[in-house]
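Numbers restart at 1 for each chain; the letters A, B, ... are given by sequence-line order, proteins then strands. Here the structure is a predicted model, which means the values were calculated and not measured. Heavy atoms only: backbone and side chains are in, while hydrogens, waters and symmetry mates are out.
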Amino acid sequence: MKRSPREITGWSAAIAIVVIASLIPIVWIISLSFKDPSTIADGSFLPTKWTWTNYSGIFKQSLFTDALRNSIGIALIATLISVVLACFAAYAIARLDFPGKRLILVFALAIAMFPPISIVGPLYNMWRNIGLYDTWPGLIIPYMTFALPLAIFTLSAFFREIPWELEQAAQVDGATPFQAFFKVIAPLAAPGVFTTAILVFLFCWNDFVFAVSLTSTSKAETVPAAIASFPGASQFTAPIGSIAAAAVVVTIPIIVIVLLFQRRIVAGLTAGAVKG
Amino acid sequence: MADITLEHITKRYGDGYEAVKDLNLEIADGEFMILVGPSGCGKSTALRMVAGLEDISDGQLKIGGELVNDRAPKDRDIAMVFQNYALYPHMTVRENMGFALKLAKTPQAEIDRKVNEVAQVLDLEQHLERKPANLSGGQRQRVAMGRAIVRDPKAFLMDEPLSNLDAKLRVQMRTEISRLQQQLGTTMIYVTHDQTEALTLGDRIAVMRSGVLQQVGSPGELYANPTNLFVAGFVGSPSMNFLPGELADGVVKLPIGDVRLSDEARQDLEGGGGPAKGRQVIAGMRPEHFEDSGLVHDPPSGVKFPVTIDVLESMGSEYYAYFNVESGRVASQELDELAQDSGVGEIPHAGSRTQVVARLDAASTVKQGEPGELWYDSSRLQLFDPESGRSLLTHSKVD
Ligand SMILES: Nc1ncnc2c1ncn2[C@@H]1O[C@H](COP(=O)(O)OP(=O)(O)OP(=O)(O)O)[C@@H](O)[C@H]1O
Ligand SMILES: [Mg+2]
């Protein structure tokens, strides 16, 4: 189908507007992060006086570096455990017929939709009583509560797309069930697993509610929570420059990951396996 | 290399559907067995049970004399071509074809040699390093085929392996398969929809209908002695014409005239019991047993009858002549079912007129829309019971 030049112009304009609208806040925060503290409130879109001090500043504060360490550690561990467990669950859901299969998916979806804020209060009390308050597991566990259903849901959607006849073909070719899984199914499931892992990682990485309520010190505080408690240079200056720099620093890994794996995610790896 | 025996094999799927019912089939060592039947009759299911990909609900499956019902596919040593190919999308064509050999820990040099050899046979040499996603349907199907024939298994199972190839390639591959199977002497079960493949490739053909085996026999037997209407209509192309008839004294009264029964036919009818006279039958007449009466000199047996040809199709070496005869409806469940399976040719439909196809020699002088005279070789007449669909004859001539 060919589009008319008018249509193309129209679409291009619409896309440009959306892209610009969503990019402005990002550019703005990057711009803020390069502004000298004295010009931070000057209202100009681009910095009038460029500086790296905001960046060097935050990396000198243990508040930020500890938080960065906590963020990375907690998000990675939560992602790893959720994805591994979700793989097993999703495999069973995609492959086996058992009573209550739909119910599991419905529950998973319901839990993933649950507002996190509603369990923060009880968790706060419980964690303090059993000693999980302000620890890594204290965050990893609630993250998994939400990440697991999300992962199960997305992974089972991916697993359903895999042509399972390939497993049979492998078995006829003389493969043991393990060989069939690792040599044929696993490579095909990889893009789905990566995608799920990224989604789960993003969820853990971005969380603010749990981090700010269930941690209090650099022992377990993650970056989003730490940014909120950044001190200004003096009691009377707002730490806007540092906050902007920290925000940029925590956004970069996400962008890098997505760009890195984007092609693997998008590529339809199962194309050509079966007829039609 | 091994014989395969299916004893009372039944398959019930999870939803209670019986896809294969009490299937008994003995396939000798090195035999080329063809499985045919309309879509959904359970051919793939039967094949997949032999491969070990479907549980056998009932009955015994023996490969090489050993009971293998509960044996995993990998321990049955069979190679299979899947109906939907099931190629490994993340591997190249070369890796796809070499996968089984690699699993069997064959030395790499040996794998390469075999894969190259098979690629040459299948005309896939220039595609060895490509991925299945980038191949055409026919190329993919050949890769699926290659993946099976690089191996040296006890048996090959092929589920419509040539269905997606163009006519020329199909003929070429058909000869290749035939040559290969004879050379290796490996037992083969081959599912197909194609009449020519079935009749030319197989040592024997098994015809299935709704999960029930109808008849097993050599192509000649099935062609000459179909046990029932279904097999009669299914084997042969264009398919057999069916006309309602009535038995009378030594003749069958047909819409085209009275056809004299051969002595054998008369014996069969008498041996079968029942009142011969006045009995309603369905007569089966193959298109190739008609001829332009002008070309038949001093006919051994047969009837001549006048017709008006409605449509005359030239096939180059022969004509297909279509004409209508006044007749009652040929009612039979089996024929209705055949008609539904669009893969098979014309079946007479309800109404007072029945269309008949005749295959005439290219030298014929009949003209479309003009009256002419045709001849039918009455020694080839088939007779069926309208109720049961069963053949009333037991020993017709085998070509
Ligand atoms: N997993 C299943 N569960 C229930 N019924 C099934 C299943 N697989 C196949 N069937 C049914 O079993 C019957 C036989 O299927 P099968 O695939 O063996 O047909 P086929 O003879 O190979 O047909 P085709 O020529 O179209 O390939 C069909 O009616 C089908 O609906
Ligand atoms: Mg099939």
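Between B:Asp166 and B:Arg170 there is no salt bridge, since no side-chain nitrogen of the basic residue lies less than 4.0 Å from a carboxylate oxygen of the acidic one. Using a cut-off of 4.0 Å between Lys/Arg side-chain N and Asp/Glu carboxylate O, B:Arg151 and A:Asp173 are scored as salt-bridged. Using a cutoff of 4.0 Å between basic side-chain nitrogens and carboxylate oxygens, A:Glu167 and A:Arg95 are scored as salt-bridged. For the pair B:Asp159 and B:Arg48, the salt-bridge criterion is not met [side-chain N within less than 4.0 Å of a carboxylate O].
Side-chain rings of A:Tyr91 and A:Trp164 approach one another, their centers coming within less than 6.0 Å. The aromatic ring centres of B:Tyr190 and B:Phe32 sit less than 6.0 Å apart.
Residue contact with chain B, scored on non-hydrogen atoms closer than 4.5 Å, involves the side chain of A:Gln179 exclusively. Both the backbone and the side chain of A:Ala170 come within contact range of chain B, judged by heavy atoms closer than 4.5 Å. Contact annotation for B:Arg76: neither backbone nor side-chain heavy atoms come within less than 4.5 Å of a heavy atom of chain A. Proximity to chain A (any heavy atom under 4.5 Å) is restricted, for B:Ala79, to the backbone atoms N, CA, C and O.
In this structure, B:Lys11 is positioned above the aromatic face of B:Tyr13, its NZ or CZ under 6.0 Å from the six-membered ring centre and within 45° of the axis. Judged by the 6.0 Å distance and 45° axis criteria, B:Arg147 is positioned over the aromatic ring of B:Tyr88.
Between A:Phe146 and A:Phe210, the ring planes lie tilted relative to each other; the angle falls in the 30° to 60° range.
Using a 4.5 Å cut-off on side-chain heavy atoms (C-beta onward), B:Val81 and B:Leu157 make no contact.
No donor-acceptor pair under 3.5 Å is formed between the side chain of B:Gln120 and the backbone N or O of B:Glu117.
For residues 66-73 of chain B, the interface with chain A (any heavy-atom pair closer than 4.5 Å) comprises B:Pro73, sorted by residue number. Residues of residues 95-103 of chain B having a heavy atom under 4.5 Å from any heavy atom of chain A, listed by number: B:Phe99, B:Ala100, B:Leu103.
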